Amino acid sequence: MEKIRMTTPIVEMDGDEMTRVIWKWIKEILIEPYVDLKTEYYDLGLVHRNETEDQVTIDASNATKKYGVAVKCATITPNAARMTEYKLSQMWKSPNGTIRAILDGTVFRTPILVKGITPYIPTWTKPITIARHAYGDIYKNVEMKCPEGSKAELVLTDKDGNETREVIHEFKDSDGIIQGVHNRRDSIESFARACFNYALDMKQDIWFATKDTISKKYDHTFKDIFQEIFDREYKEKFALLGIEYFYTLIDDAVARVIRSEGGYIWACKNYDGDVMSDMLATAFGSLGLMTSVLVSPTGVYEFEAAHGTVTRHYYNYLKGEKTSTNPIATIFAWTGALKKRGELDGIPQLSEFAQKLEKASIQTMEDGIMDKNLSLISKLENKRAVDTETFLNEIDARLKKLLG
Ligand code: NAP
Ligand code: MG
């Protein structure tokens, strides 16, 4: 078979630990034999981030802006223990945070559904994609403890120095607490556009919810911005595809999500997204089956697995032991990027190849072949936990059949 040719490179961001090992195997076993893979390689492994004083993360983000499609391996976010382990000159920031800030992107997380791994909610037969607004609210708050007898006020000073005041509370007969939160119109607008663009891309409805009945200015502004942008820029495009923008109150949304069959995108404010994404990930079954894509408001895509570098497995690997690590979410990061590249460059063979690789991956798990953690929760009778390389080779055997 002749290898599929690519025209534009994918920005490839390598990473750390077990996922770095798997990264190489996925390319060698499942992609390079079939695709004349063109990537612009950036090593975001912690060693190289430290050597370049994290410049490599910035360079990789700018390359992503330039080419439009990136795939990223999981990376270590340093903490105190990593400072010594890697002899770091600084506690470098989370690469995902840096990339997100440069691309002004929104993260969408989608579970991969397979037979044998049943969601805790039996009606969920299709994936629910969750999008979290990753700026502001309580994540950039200012807090104070208020002694008894104190008075708390909001003070806004405009550019001419005029003050507007509003009493928050007078702590007359009890002490208490206050919190100041903010958000920015430009950030909310970017979030809304990323969500609407992704809904068009996925051809799925999008839901959004806030508590606008209680928070008549703060949350209501989120609601208004989403509605204005939708009406002005997306209404017609949605109508053409037969998809909907659906707004409701957050508590109503939660109730509807539980009763739903899935198959839509759920846009969440920062805190709701933080909480609900963990709920959804657990309810759908496994972190090893959760994919993630960062989408910028201008339509730049960075694909990755939602899980981390699987440190415990890596230490076993270093001791020479075989690990049983699930490569599926990382494979789907690659297929996401290949599909997108194929779509943008008009290379249908590339998108078809990626679809077949996804199909082969799912078939493998549905044939009962999986990693140890998945086998612990799988309801299949013929399940068999295998090591990582066997898992990849079993996928390749099925891929070969699908490719004919
Ligand atoms: P993790 O790497 O996701 O792993 C947590 C545990 O979940 C693993 O020890 C393993 O459980 C299980 N697990 C996760 N992915 C799996 C897979 N593909 N196959 C099988 N089991 C899997 O999270 P962490 O231990 O909290 O973080 C480790 C490192 O990753 C940290 O340095 C963190 O900074 C980084 N991280 C990076 C990203 C990212 O780049 N996007 C995201 C999260 C964390 P068992 O040990 O029980 O087998
Ligand atoms: Mg959380």
Side-chain angles (χ1 to χ4, degrees), residues 12-23 25-26 42-50 54 56-57 60-61 70-86 88 91-100 103 105 107-112 114 117 132 134 274 277-278 281-282 284-294 302-319 321-334 336 361 364-365 369-378 383 385-392 395:
E12 173 184 357
M13 306 185 199
D14 208 343
D16 288 299
E17 301 195 311
M18 200 58 220
T19 41
R20 187 181 180 99
V21 176
I22 294 176
W23 191 258
W25 289 344
I26 290 174
Y42 292 87
D43 184 1
L44 267 59
L46 187 49
V47 174
H48 194 239
R49 267 182 281 150
N50 192 51
D54 212 22
V56 65
T57 310
S61 309
V71 59
K72 180 180 168 290
C73 180
T75 46
I76 293 169
T77 299
N79 55 18
R82 301 293 197 175
M83 293 286 290
T84 8
E85 184 183 356
Y86 283 83
L88 302 180
M91 202 185 287
W92 306 110
K93 282 194 225 153
S94 148
N96 288 54
T98 304
I99 299 166
R100 199 166 57 209
L103 298 181
V107 175
F108 296 84
R109 279 176 146 209
T110 311
I112 299 160
V114 289
I117 310 294
R132 171 180 172 187
D274 183 353
S277 64
D278 284 342
T282 309
F284 269 108
S286 168
L287 200 52
L289 293 179
M290 186 63 81
T291 63
S292 177
V293 55
L294 177 79
E302 182 248 311
F303 297 87
E304 63 178 311
H307 60 74
T309 58
V310 211
T311 311
R312 196 184 64 82
H313 296 209
Y314 182 60
Y315 292 150
N316 291 338
Y317 167 82
L318 288 181
K319 281 188 263 170
E321 289 169 24
K322 283 206 183 282
T323 73
S324 182
T325 317
N326 189 340
I328 297 292
T330 307
I331 293 174
F332 273 64
W334 274 101
S361 304
T364 305
M365 290 182 284
I369 295 157
M370 59 194 82
D371 67 291
K372 204 164 141 211
N373 283 342
L374 209 56
S375 78
L376 294 175
I377 57 168
S378 171
K383 62 191 176 187
V386 296
D387 63 75
T388 317
E389 281 166 290
T390 307
F391 199 161
L392 291 168
I395 294 171

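Numbering of residues begins at 1 and proceeds along the displayed sequence. Note that the structure is predicted; figures quoted are calculated from it, not measured. Counting starts at 1 for both ligands and their atoms, following the listed order.
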Would Phe303 and Thr291 count as a side-chain contact (heavy atoms from CB on, under 4.5 Å) here? Give the steps. CA-CA 8 Å; Phe303 297 87; Thr291 63; over 6 Å; no
Could an N or O of ligand 1 be found under 3.5 Å from any N or O of Val310, whether backbone or side chain? yes
Would Thr325 count as a polar contact of ligand 1, with the cut-off being nitrogen or oxygen pairs under 3.5 Å? no
Go through Ile26 and Trp334 one step at a time and tell me if the side-chain contact (heavy atoms from CB on, under 4.5 Å) criterion holds. CA-CA 9 Å; Ile26 290 174; Trp334 274 101; 4.0 Å; yes
Please give me the minimum heavy-atom distance between Ile117 and Gly285, naming the atom from each residue. CG2-CA, 4.1 Å
Heavy-atom contact under 4.0 Å between Lys72 and ligand 1? yes
If the test is side-chain contact (heavy atoms from CB on, under 4.5 Å), which one of Thr364, Ile395, Asp371, Leu374 qualifies with Ile328? Ile395
Could you pull out, from Pro95, Gly308, Gly15, the option with a heavy atom nearest to atom 1 (P) of ligand 1? Gly308
Can you see whether Thr311 engages Glu17 through a side-chain donor-acceptor pair at a distance of less than 3.5 angstrom? yes
Can you pull out the closest protein heavy atom to atom 33 (C) of ligand 1? Residue, atom name and distance to 0.1 Å, please. Thr77 N, 4.1 Å
Answer yes or no for His313: is there a heavy-atom contact with ligand 1 below 4.0 Å? yes
Compare Met290, Met18, Met13, His307 and give the one whose heavy atom is closest to atom 14 (C) of ligand 1. His307
Where Met290 and Ala329 come nearest, the two heavy atoms and their spacing: O-CB, 3.5 Å
Any N/O pair Ser324/ligand 1 closer than 3.5 Å: no
Go through ligand 1 atom by atom and flag the ones less than 4.0 Å from a non-hydrogen atom of Thr311. 28 (C), 29 (C)
For atom 24 (P) of ligand 1, is the nearest protein heavy atom closer than 4.0 Å? no
Atom 41 (N) of ligand 1 - nearest protein heavy atom and its distance: Glu304 OE1, 3.2 Å
Contact atoms of ligand 1, heavy-atom distance to Ala74 under 4.0 Å: 40 (O)
Is it true that a side-chain atom of Thr388 and a backbone atom of Thr323 form a donor plus acceptor pair closer than 3.5 Å? yes
Closest protein heavy atom to atom 29 (C) of ligand 1, given as residue, atom name and distance to 0.1 Å: Thr309 OG1, 3.0 Å
Determine, stepwise, if the pair Val114 / Met370 fulfils side-chain contact (heavy atoms from CB on, under 4.5 Å). CA-CA 11 Å; Val114 289; Met370 59 194 82; over 6 Å; no
Which atom of Ser286 lies closest to which atom of Ile377, heavy atoms considered: CB-CD1, 4.1 Å
Going by a strict under-4.0 Å cutoff (protein heavy atoms only), does atom 21 (N) of ligand 1 have a neighbour on the protein? yes
Using a strict cut-off of 4.0 Å, indicate which atoms of ligand 1 neighbour a heavy atom of Asp371. 20 (C)
Using 0.5 Å steps for rounding, measure from the CE atom of Met13 to the CH2 atom of Trp23. 9.0 Å
Residue-level breakdown please: for Asn373 versus ligand 1, do any non-hydrogen atoms fall below 4.0 Å on the side chain, on the backbone, on both, or on neither? side chain
Per-atom filter on ligand 1: closer than 4.0 angstrom to a heavy atom of Leu287 are 3 (O)
Could you tell me whether Tyr317 atom OH has more than 12 heavy atoms of other residues or ligands within 6.0 Å of it? no
Would you give the length of the straight line joining atom CZ of Arg20 to atom CG of Leu44, rounded to the nearest 0.5 angstrom? 9.5 Å
Shortest non-hydrogen separation from Gly308 to Thr19 and the atoms involved: O-CG2, 3.4 Å
How far is atom 37 (C) of ligand 1 from its nearest protein heavy atom, and which residue and atom name does that atom have? Thr75 O, 3.0 Å
Would you call Arg49-Asp16 a salt bridge at under 4.0 Å N-O? yes
Close N or O approach (Asn326, ligand 1; < 3.5 Å): yes
Please report whether ligand 1 has a polar contact with Ala305, defined as an N or O pair separated by less than 3.5 Å (distance criterion only). no
When you measure from atom 32 (O) of ligand 1 to every protein heavy atom, which one gives the shortest distance, and what is it? Arg82 NH2, 3.1 Å
Shortest non-hydrogen contact from Gly15 to Cys73? N-CB, 3.3 Å
Any idea which part of Asn79 is under 4.0 Å from ligand 1, heavy-atom wise: side chain, backbone, both or neither? neither
Can you confirm whether something in the protein, heavy atoms only, sits under 4.0 Å from atom 27 (O) of ligand 1? no
Within the structure, does Arg312 bring an N/O atom to less than 3.5 angstrom of an N/O atom in ligand 1? yes
For ligand 1, which part of Ile328 has a heavy atom less than 4.0 Å away: the side chain, the backbone, both, or neither? neither
Does the protein place a non-hydrogen atom closer than 4.0 angstrom to atom 43 (C) of ligand 1? yes
Flag: protein heavy atom within less than 4.0 Å of atom 7 (O) of ligand 1: no
Test side-chain contact (heavy atoms from CB on, under 4.5 Å) on Asn326 and Leu289; report intermediate values, then the result. CA-CA 8 Å; Asn326 189 340; Leu289 293 179; 3.9 Å; yes
